Amino acid sequence: MAIYGLVDCNNFYASCEKIFRPDLANTPIVVLSNNDGCVVARSSEVKKLGIPAGIPYFKVKHQLESIGVKIFSSNYTFYGDISNRVMSVLREYTGEIEIYSIDEAFIDLTTTPKPENLGKLLHSKISQGVGVPVSIGIASSKTLAKVATDVAKKNPQYGGVYSMLDKNSVNNILKDFPVSKIWGVGPQTTKFLNNHSIFTALEFINCEDDWIRKNLKILGLKTVWELRGRDCITMETSPKNKKSILSSRSFGQPVTSQKQLQQAISSYIAIACKKLRSQKSVANYLHVFVRTNKHKKHELQQHSSQLIRLQTASNYTPDLTKASQEAVTKLFQPGYKYKKAGVVLTGLHPENQVQENLFIPSEKTPKQNKAIAVLDRMNNRFGRNKITLASSGIKPKWIMRCELRSNQYTTNWQEIPNIKI
DNA sequence: TCTGGGGTCCTAGGACCC
DNA sequence: TCTGGGGTCCTAGGACCC
């Protein structure tokens with residue numbers, strides 16, 4: 001039987017913000033999304049106050065301020081670094097891990113003699129060594145490990161680690177576990193199940209396989225099997241190359257000119273192409289999309305995209321920038337206030353397997369290759385966007401808001417914490 | 001005034017081929 | 001005169017995840 005552990009950092013972004021701010025140890029804090037748009041992380045004190053996840057900041061700003069909640073813009077560079085530290089601890093004690101998201105990792109405990117003991121050890125090592133609290137769930141499938149982690153998180157008496165390896169404990173937990181909280185069951189499926197009087201995970205696993213397959217397809221069936229303890233979703237220890245790469249942002253203020261829109265798109269292309277080069281792939285297709293603010297019903301609305309097939313698959317920023325200009329020309333309409341735009345690269349293939357176009361040479365000259373390699377190195381060393389194409393604009397107006405960002409304590413010498421002795 | 005960003009997988013349906 | 005049908009590939013869109 002397989003045994004999985006899931007290690008999940010509690011309130012990750014909020015916990016990160018507290019690491020170098022012992023003065024905030026018991027202060028309620030929230031972290032906002034890009035553009036200071038939504039509340040994406042809440043410390044436990046804030047959760048208790050009933051502030052929901054994902055709520056637009058402006059709706060709760062007054063409430064948060066009036067009760068003394070400390071607000072942070074998101075600081076992804078910092079969270080990424082803390083995440084790496086957590087993952088290093090896991091690797092040190094468990095060998096191969098599957099990094100599932102910035103704040104979660106699966107570990108394979110199949111051959112670990114006492115999984116729960118290792119869980120306790122990891123819990124204390126991460127807490128002491130990195131400074132963020134984690135919850136660890138142990139079970140015979142990933143989906144059950146997710147459930148176990150939820151139990152560990154909600155019940156402090158287990159000390160942050162909960163094992164669901166024996167059958168009795170599984171049924172005991174599943175009978176009170178709402179289907180809406182199952183990994184892989186979203187709002188649509190919840191609605192469907194509830195309409196059929198299925199409310200708990202236990203009721204869900206007691207359904208007939210045929211019925212589940214017919215209505216919820218193969219994914220639904222896999223989820224049920226996993227909840228019955230059958231291991232269907234195995235470990236992925238080496239990160240796979242992405243099949244699509246997306247870069248998009250909402251604008252700090254509406255964009256109304258074609259030039260600004262083009263600048264924004266150019267800068268997203270630069271980000272996406274850099275990711276593409278780092279996985280040594282080329283893209284065949286480029287999607288460019290633009291959106292107006294759907295919440296402003298009285299304004300002109302546009303939600304459209306252009307798909308461009310590149311003449312030759314490429315990861316060379318100027319190629320894709322040029323292609324994007326054509327798309328922007330088709331998409332842009334005067335009089336519309338654009339709120340968000342982005343690019344998606346698809347049809348990705350390894351760069352050494354490019355299908356040559358008979359009429360158009362795809363090989364970049366050595367000079368072009370060198371230039372783009374230098375650009376990547378400089379930007380890696382000195383920070384994203386230190387060197388850009390002129391088409392991305394300089395100090396653009398549409399740049400995101402992030403007025404309440406904390407320091408990059410661990411990744412920027414200028415912002416390293418000071419200690420007064 | 002103010003509503004995130006980056007992914008994956010699956011399915012249906014059209015295009016195309018033989 | 002008779003005008004098929006199955007397989008495959010691709011894309012758009014939906015649902016879900018963090």
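Small disclaimer: the values here were computed from a predicted structure and weren't measured. Here is the naming used below: chain letters follow the sequence lines, and residue numbers restart at 1 for every chain.
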Candidate nucleotides [options], ranked by approach to the side chain of [X] - the nearest:
X	options	value
A/Cys38	B/dG4, B/dG6, C/dC18	B/dG4
A/Glu104	C/dA12, B/dG6, C/dC18	C/dC18
A/Lys243	B/dA12, B/dT8, B/dG4	B/dT8
A/Lys146	B/dG5, C/dC18, C/dT11	C/dC18
A/Ile218	B/dC10, C/dC17, C/dA12	B/dC10
A/Gln188	C/dA12, B/dA12, C/dA15	C/dA15
A/Lys242	B/dG4, B/dG7, C/dC18	B/dG7
A/Lys296	B/dG4, C/dT11, B/dC2	B/dC2

What is the nucleic acid contact for [X], judged by heavy atoms within less than 4.0 Å: base, sugar-phosphate only, or nothing?
X	answer
A/Ile182	sugar-phosphate
A/Ile55	nothing
A/Asn293	sugar-phosphate
A/Lys340	sugar-phosphate
A/Lys240	nothing

Rounded to whole Å, please give me the gap between [atom1] in [X] and [atom2] in [N].
X	N	atom1	atom2	answer
A/Lys337	B/dC2	NZ	P	9 Å
A/Phe251	B/dC2	CZ	P	14 Å
A/Lys181	C/dC17	NZ	P	13 Å
A/Phe289	B/dG5	CZ	P	9 Å
A/Asn215	C/dA15	CG	P	14 Å
A/Arg309	C/dC10	CZ	P	9 Å
A/Lys142	B/dT8	NZ	C1'	13 Å
A/Asn284	C/dC9	CG	P	16 Å

Counting only side-chain nitrogens and oxygens, does [X] get under 4.0 Å of the OP1 or OP2 atom of [N]?
X	N	value
A/Lys275	B/dG7	yes
A/Ser247	B/dG5	no
A/Thr189	C/dA15	no
A/Tyr285	C/dT11	yes
A/Ser248	B/dG6	yes

More than 12 heavy atoms of other residues, nucleotides or ligands under 6.0 Å from NZ of A/Lys47: is that the case?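 Above 12, so yes.
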If you count heavy atoms of other groups shown closer than 6.0 angstrom to NZ of A/Lys120, is the number above 12?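 Enclosed.
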Centre of A/Phe106's six-membered ring, under 6.0 Å away, within 45 degrees of the axis: is that where NZ or CZ of A/Lys142 sits?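 Yes; both conditions hold, so A/Lys142 lies above the ring face of A/Phe106.
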Where DNA chain B forms stems, i.e. three or more consecutive Watson-Crick or G-U pairs with both distances under 3.5 Å: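 So the stems come out as B:5-18 with C:5-18.
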If you find the nucleotide of DNA chain B closest to A/Ile245 and the one closest to A/Pro56, which residue's nucleotide is nearer the 5' end?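 Upstream on the strand: A/Pro56.
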Same-atom distance (C1') from B/dC16 to C/dG4, integer angstrom: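 Approximately 15 Å lies between the C1' atom of B/dC16 and that of C/dG4.
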Does a side chain donor of either [X] or [Y] reach within less than 3.5 Å of an acceptor in the other side chain?
X	Y	answer
A/Ser135	A/Asp8	no
A/Glu299	A/Tyr336	no
A/Gln263	A/Ser267	no
A/Ser250	A/Asn35	no
A/Asp103	A/Tyr79	no

Side chain of A/Ser140, backbone of A/Ala2: donor and acceptor closer than 3.5 Å?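 The answer is no, because no donor-acceptor pair under 3.5 Å joins these two groups.
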Just by distance, do the side chain of A/Ser141 and the backbone of A/Leu144 share a donor-acceptor pair under 3.5 Å?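 Between the backbone of A/Leu144 and the side chain of A/Ser141 there is a qualifying donor-acceptor contact (under 3.5 Å).
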A/Tyr338 vs A/Gln302, test: side chain to side chain donor-acceptor pair (under 3.5 Å). Steps then yes/no. CA-CA 8 Å; A/Tyr338 296 99; A/Gln302 186 185 353; 2.5 Å; yes
Mind telling me whether A/Phe192 and A/His196 have parallel, tilted or perpendicular rings, with 30° and 60° as the class edges?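 Rings of A/His196 and A/Phe192: tilted, as their planes differ by 30° to 60°.
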Strand-adjacent residues in residues 79-102 of chain A, judged by heavy atoms under 4.0 Å from DNA chain C: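 Result for residues 79-102 of chain A: A/Tyr100, A/Ser101, sorted by number.
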